[in-house]
Amino acid sequence: MGRFIKGAAKKLNVDPTRYNFFKNAVDFIILLIACIIIFRSIPSFRAVGTTLLTGAGVLAAIFGFASQSAFSNIISGFFLVIFKPFSVGHRVRIGQLYVGDVEDITLRHTIIKDFENRRIVIPNSVISNETIINSTLTDEKTCVFIEIPVSFSADIDKAISIIQEDATHHPLCIDNRSTYELTRGEHPVMVRVLSFGEYGILLRTYAWASTPNNGFDLKCDLNKSIKEKFEKEGIEFGYPVRVLINK
């Protein structure tokens with residue numbers, strides 16, 4: 001059944017999320033039907049089934065109480081598939097703790113593979129009550145923030161020029177300017193003076209990458225190259241300074 005559904009999903013170009021969830025639901029239904037057939041076909045099991053039916057009221061109450069969480073996860077799973085806040089393969093952040101790529105959505109839980117190649121199993125009902133940040137829902141392009149503090153005495157224009165030059169020459173940096181921004185002649189990599197802090201002037205760089213993975217690599221590479229260029233050009237980073245006065 002799994003091979004049949006997978007082959008049909010590829011031919012129809014169906015969303016993998018629907019394929020996985022539908023396959024898990026079909027597996028559960030087939031297992032349930034098989035159990036019923038077994039109890040109906042084997043005489044000794046049929047007798048056991050009749051005995052169980054005599055206490056059906058008590059069993060139903062116990063089963064209903066024990067399966068509240070399970071039914072909640074199943075219903076939440078259906079909602080996740082129908083409203084599609086994410087799909088298999090999307091990179092998501094669930095709440096403030098879990099970040100990774102969605103690997104599977106089952107009847108009970110969602111499996112997320114984090115950056116350490118570990119699997120995070122989260123009940124569907126928990127995900128439904130959390131804030132979901134989806135990095136690949138409609139557009140994979142990512143704006144990377146690179147914040148660099150420079151000293152108050154640093155040449156800001158020179159620092160901005162170095163940052164923009166390094167970023168635009170990086171192979172993972174893309175030009176995501178709109179038509180309006182092109183008309184205004186804005187630079188592909190914007191650098192703004194964000195604030196005057198305790199340690200110096202904070203510069204924020206807005207660099208674009210085609211995917212979240214490329215964005216992470218771009219940020220790491222620029223942190224290294226900008227530090228090297230600043231040291232070479234004599235631009236001092238902002239750092240804590242304390243003045244002690246002895247009386």
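Values below: every heavy atom of this structure, side chains too, minus hydrogens, waters and symmetry copies.
Interatomic distance, Glu130 CD to Ile122 CD1, rounded to the nearest 0.5 Å: 8.0 Å. Atom CD of Glu228 sits about 11.0 Å away from atom CG of Asn223, to the nearest 0.5 Å. Here Ile201 contributes atom CD1 and Ser151 contributes atom OG; the two are 7.5 Å apart, rounded to the nearest 0.5 Å. If you take CD1 on Ile148 and CZ on Phe230, they are separated by 5.0 Å, rounding to the nearest 0.5 Å. Atoms CD1 and NZ, on Ile226 and Lys219 in that order, are 11.0 Å from each other to the nearest 0.5 Å. The distance from atom CG of Leu172 to atom CG of Asp221, rounded to the nearest 0.5 Å, is 7.0 Å.
In the hydrophobic clustering of this structure, Phe237 does not group with Leu202; members are Ile, Leu, Val, Met, Phe, Trp, Tyr whose side-chain heavy atoms approach within less than 4.5 Å, directly or through other members. Placement of Leu194 and Val144 in two distinct hydrophobic clusters is found when ILVMFWY residues are connected by side-chain heavy-atom separations under 4.5 Å, directly or transitively. The hydrophobic cluster containing Leu182 does not contain Tyr180, counting ILVMFWY residues as joined when their side-chain heavy atoms lie under 4.5 angstrom apart, directly or transitively. Note: the hydrophobic cluster containing Val99 does not contain Val121 (ILVMFWY, side chain heavy atoms under 4.5 Å, direct or indirect links). The cluster map of Ile, Leu, Val, Met, Phe, Trp and Tyr, joined by side-chain heavy atoms under 4.5 Å apart, puts Ile133 and Phe115 in different clusters.
With hydrogens and angles ignored, the 3.5 Å screen pairs no side-chain donor or acceptor of His169 with any backbone N or O of Asp166. Checking side-chain atoms of Arg192 against main-chain N and O of Met190 turns up no donor-acceptor pair under 3.5 Å. Checking side-chain atoms of Ser161 against main-chain N and O of Asp157 turns up no donor-acceptor pair under 3.5 Å. A distance-only check finds no donor-acceptor pair linking the side chain of Glu103 to the backbone of Ile111 [under 3.5 Å]. Asp175 places no side-chain N or O within 3.5 Å of a backbone atom of Trp208 that could act as its donor or acceptor partner. Panel note: side chain Asn129, backbone Ser125; a donor-acceptor pair is recorded below 3.5 Å. In this structure a side-chain-to-backbone donor-acceptor pair under 3.5 Å is missing from Arg177 to His187.
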Show, in sequence, the C-alpha distance, side-chain angles and deciding distance for Ile94 and Leu97, and conclude whether the side-chain contact (heavy atoms from CB on, under 4.5 Å) test is met.
CA-CA 7 Å; Ile94 308 297; Leu97 298 176; over 6 Å; no
Evaluate Glu233 against Lys158 for side-chain contact (heavy atoms from CB on, under 4.5 Å), listing each step before the verdict.
CA-CA 9 Å; Glu233 297 294 333; Lys158 188 175 183 180; 3.1 Å; yes
Determine, stepwise, if the pair Val191 / Arg204 fulfils side-chain contact (heavy atoms from CB on, under 4.5 Å).
CA-CA 6 Å; Val191 181; Arg204 174 181 286 179; over 6 Å; no
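Atom CZ of Phe216 has 12 or fewer heavy atoms from other residues, nucleotides or ligands within 6.0 Å. By the 6.0 Å contact criterion, CD on Glu147 is enclosed, its count of non-hydrogen atoms from other residues, nucleotides or ligands being greater than 12.
For the pairing with Arg91, the side chain to side chain donor-acceptor pair (under 3.5 Å) check across Asp101, Asn134, Thr211, Thr142 returns one residue only, Asp101.
In terms of heavy-atom proximity, Ala207 sits nearest to Leu218 at CB-CD2, 3.9 Å. Nearest approach of Ser128 to Ser76, heavy atoms of both residues: OG-CB, 3.3 Å. Here the closest non-hydrogen pair linking Thr168 and Gln164 is OG1-O, 2.8 Å. Nearest approach of Ser153 to Glu236, heavy atoms of both residues: OG-OE1, 4.3 Å. Taking each heavy atom of Val189 and Cys173 in turn, the nearest pair found is CG2-SG, 3.8 Å.
Ring geometry for Phe196 against Phe152 counts as parallel: the plane angle stays under 30°, on a 0 to 90° scale with 60° as the upper cut.
Put simply, the side chain of Phe145 does not reach to within 4.5 Å of the side chain of Thr205, judged on heavy atoms. Here the side chains of Phe86 and Ile132 are in contact, with some heavy-atom distance below 4.5 Å. Ile235 places none of its side-chain heavy atoms less than 4.5 Å from the side chain of Asp155.
Counting only N and O atoms by type, the side chains of Thr110 and Asn124 include a donor and acceptor under 3.5 Å apart.
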